[in-house]
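Single-structure report; data block below.
Chain naming here is simple, since letters A, B, ... match the order of the sequence lines and numbering starts at 1 in each.
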Number of protein chains: 2
Amino acid sequence: MPQKRNAKRRSECPLNVSVEMLGDRWSLLIIRDMMLREFRTYKQFMECYEGIATNILADRLRRLTANGIVTAAPDPRDGRKLNYQLTAKGIGLAPVLTEMVLWAAAHEDTGNQALVQLMRADKKGFLAGVRKGWEERKAEERKSTGS
Amino acid sequence: MPQKRNAKRRSECPLNVSVEMLGDRWSLLIIRDMMLREFRTYKQFMECYEGIATNILADRLRRLTANGIVTAAPDPRDGRKLNYQLTAKGIGLAPVLTEMVLWAAAHEDTGNQALVQLMRADKKGFLAGVRKGWEERKAEERKSTGS
DNA sequence: CATATTACTTGTTAAATGCAAGTGAAAAAT
DNA sequence: ATTTTTCACTTGCATTTAACAAGTAATATG
């Protein structure tokens with residue numbers, strides 16, 4: 001990995017590197033939707049985010065993959081499709097995203113109030129559910145890929 | 001303010017608008033440092049972030065102010081200085097930042113492990129401390145500005 | 001009153017993003 | 001079997017945003 005100009009400062013304080021990974025208009029949304037809406041394919045992201053450019057989506061997925069937040073595997077049932085999945089590191093962002101959604105809900109008028117209520121009422125349970133869903137999807141993938 | 005192309009999608013799901021506010025390389029770092037390192041002035045940010053451009057810093061502070069995350073008030077003791085402060089909305093981001101720091105610390109090697117330990121060991125207490133510090137600073141400001 | 005600080009602004013250049021069109025491989029339809 | 005679709009992209013170009021260097025206005029300090 002090549003050192004950048006500001007390498008010295010990078011790890012001086014926690015967050016600097018993370019913000020390099022996540023500090024853009026799309027990455028967090030992509031992660032949110034993989035986590036909460038079970039998005040897996042390029043097409044799903046593309047159709048959902050009005051405004052994202054196709055090359056940018058490709059680039060963000062590549063970067064998330066390079067940063068170990070996401071993996072990509074071809075769909076065993078359809079060779080055209082690539083299934084994107086969160087890694088353990090990626091699902092580890094669930095508390096961050098949850099707090100962010102709660103903050104957002106407190107200060108913007110957002111949709112999906114049901115989800116927000118659930119997060120507020122039982123944050124721990126919600127996070128456990130998110131992780132469970134993720135583990136199920138991973139298990140499913142392992143099965144279909146052939147153990 | 002002109003409506004943007006993707007205005008329709010903006011509030012459909014929580015987070016979209018927030019990511020518009022915070023989804024860039026600097027905003028979250030600025031907020032972190034106002035929260036955790038008590039940064040107040042333009043100069044402090046400028047000296048700390050190797051790599052930030054002066055016009056971009058000015059723009060980010062302006063945007064954070066416009067979004068109600070930060071306020072700016074002239075220093076009563078030095079008319080050149082502007083003191084930036086987090087608003088209630090801004091300090092509301094403390095849980096987000098905290099989770100982000102914890103995530104970052106788990107996946108990068110970061111400095112300030114003492115802080116990280118504290119966050120991990122007693123998250124609630126840590127957050128209470130952050131809020132208390134913020135309230136003290138606000139009280140102080142009220143006093144010096146003249147009640 | 002000269003010099004220094006602070007918080008910027010104003011160009012200009014470089015990089016990132018947005019947009020339209022196109023590509024190649026695999027699947028579905030005819 | 002071959003044409004048409006679908007999917008996951010890439011490529012080229014226009015536009016926007018960010019980085020860098022320099023300058024400015026309003027204090028403050030010596």
Side-chain angles (χ1 to χ4, degrees), chain A residues 2 4-7 9-10 16 19-30 33-34 39-67 70-85 144-145, chain B residues 1-10 16 19-30 33-34 39-66 70-85 144-145:
Chain A
K4 286 191 189 168
R5 212 184 321 99
N6 48 359
R9 290 237 154 231
R10 294 177 82 200
N16 291 358
V19 170
E20 258 176 61
M21 280 188 243
L22 305 174
D24 73 275
R25 187 172 247 60
W26 300 110
S27 298
L28 285 170
L29 295 180
I30 290 171
D33 289 331
M34 295 187 76
F39 281 19
R40 290 143 204 256
T41 65
Y42 192 91
K43 201 189 171 220
Q44 285 178 299
F45 294 114
M46 205 60 216
E47 285 173 350
C48 174
Y49 307 140
E50 198 170 323
I52 196 170
T54 171
N55 56 337
I56 296 303
L57 175 57
D59 179 71
R60 287 309 107 92
L61 288 169
R62 211 179 296 127
R63 273 168 48 172
L64 289 171
T65 304
N67 284 319
V70 154
T71 52
D75 188 316
R77 287 172 209 82
D78 184 341
R80 291 168 304 180
K81 286 186 183 168
L82 258 188
N83 286 327
Y84 289 97
Q85 272 241 68
S144 64
T145 312
Chain B
M1 205 188 271
Q3 290 284 81
K4 285 189 189 169
R5 216 180 316 95
N6 48 359
K8 196 192 56 137
R9 290 239 154 229
R10 295 176 87 201
N16 291 358
V19 170
E20 257 175 61
M21 280 189 244
L22 306 174
D24 73 274
R25 187 172 246 61
W26 301 110
S27 297
L28 284 170
L29 295 180
I30 291 171
D33 289 331
M34 294 186 76
F39 282 18
R40 289 143 206 256
T41 66
Y42 191 92
K43 200 188 171 219
Q44 284 178 301
F45 295 114
M46 204 60 215
E47 284 174 352
C48 175
Y49 307 140
E50 198 170 324
I52 198 171
T54 170
N55 55 338
I56 297 302
L57 175 57
D59 179 71
R60 288 309 106 94
L61 289 169
R62 210 179 295 129
R63 275 168 48 172
L64 289 171
T65 304
V70 154
T71 50
D75 188 317
R77 286 173 209 79
D78 185 342
R80 292 168 305 179
K81 285 188 186 170
L82 258 188
N83 286 327
Y84 289 96
Q85 270 242 69
S144 64
T145 309

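Closest to the side chain of B:R80, out of D:dA19, C:dG18, C:dT5, is C:dT5.
Rounding to the nearest 0.5 Å places CG of B:L64 at 9.5 Å from CG of B:D59. One finds the CZ atom of A:R25 at 10.5 Å from the CG atom of B:L22 (value rounded to the nearest 0.5 Å). The distance from atom CG of B:N83 to atom CE of B:M34, rounded to the nearest 0.5 Å, is 9.0 Å. Residue A:I56 holds its CD1 atom at 10.0 Å from CE of A:M46, rounded to the nearest 0.5 Å.
Summarising the geometry, the separation between CD on A:E20 and C1' on C:dA15 is reported as 15 Å, rounded to the nearest angstrom. Taking atom CD1 of residue A:I56 and atom P of nucleotide C:dA16, one finds them 10 Å apart after rounding to whole Å. Between the P atom of D:dC9 and the CZ atom of A:F45 lies a distance of 11 Å, rounded to the nearest Å. The CE-C1' distance, from B:M46 to D:dA22, rounds to 13 Å in whole Å. Between the CZ atom of B:R60 and the C1' atom of C:dT9 there is a distance of 16 Å, rounded to whole Å. For the pair A:Y42 OH and D:dT10 P, the interatomic distance rounds to 7 Å; values are reported in whole Å. Taking atom CG on B:D24 and atom P on D:dA18, their separation rounds to 7 Å, with Å as the unit. Rounded to whole Å, atom C1' of C:dT17 lies 13 Å from atom CG of A:L57.
Distances shown here put every side-chain N or O of A:Y84 at or beyond 4.0 Å from the OP1 or OP2 atom of D:dC7. One finds no side-chain N or O of B:W26 lying less than 4.0 angstrom from the OP1 or OP2 phosphate oxygen of D:dT17.
Residues B:L82 and B:D75 have side chains not in contact (no heavy-atom distance under 4.5 Å, counting atoms from C-beta outward).
Within 4.0 Å (heavy atoms only), B:D78 reaches sugar-phosphate atoms of the nucleic acid but no base atom. Within the 4.0 angstrom heavy-atom criterion, base atoms lie near B:T54.
No donor-acceptor contact under 3.5 Å links the side chain of B:N55 to the base of C:dC8.
Toward the 5' end of DNA chain C, the nearer of the two residues A:R77 and B:K43, judged by each one's closest nucleotide, is B:K43.
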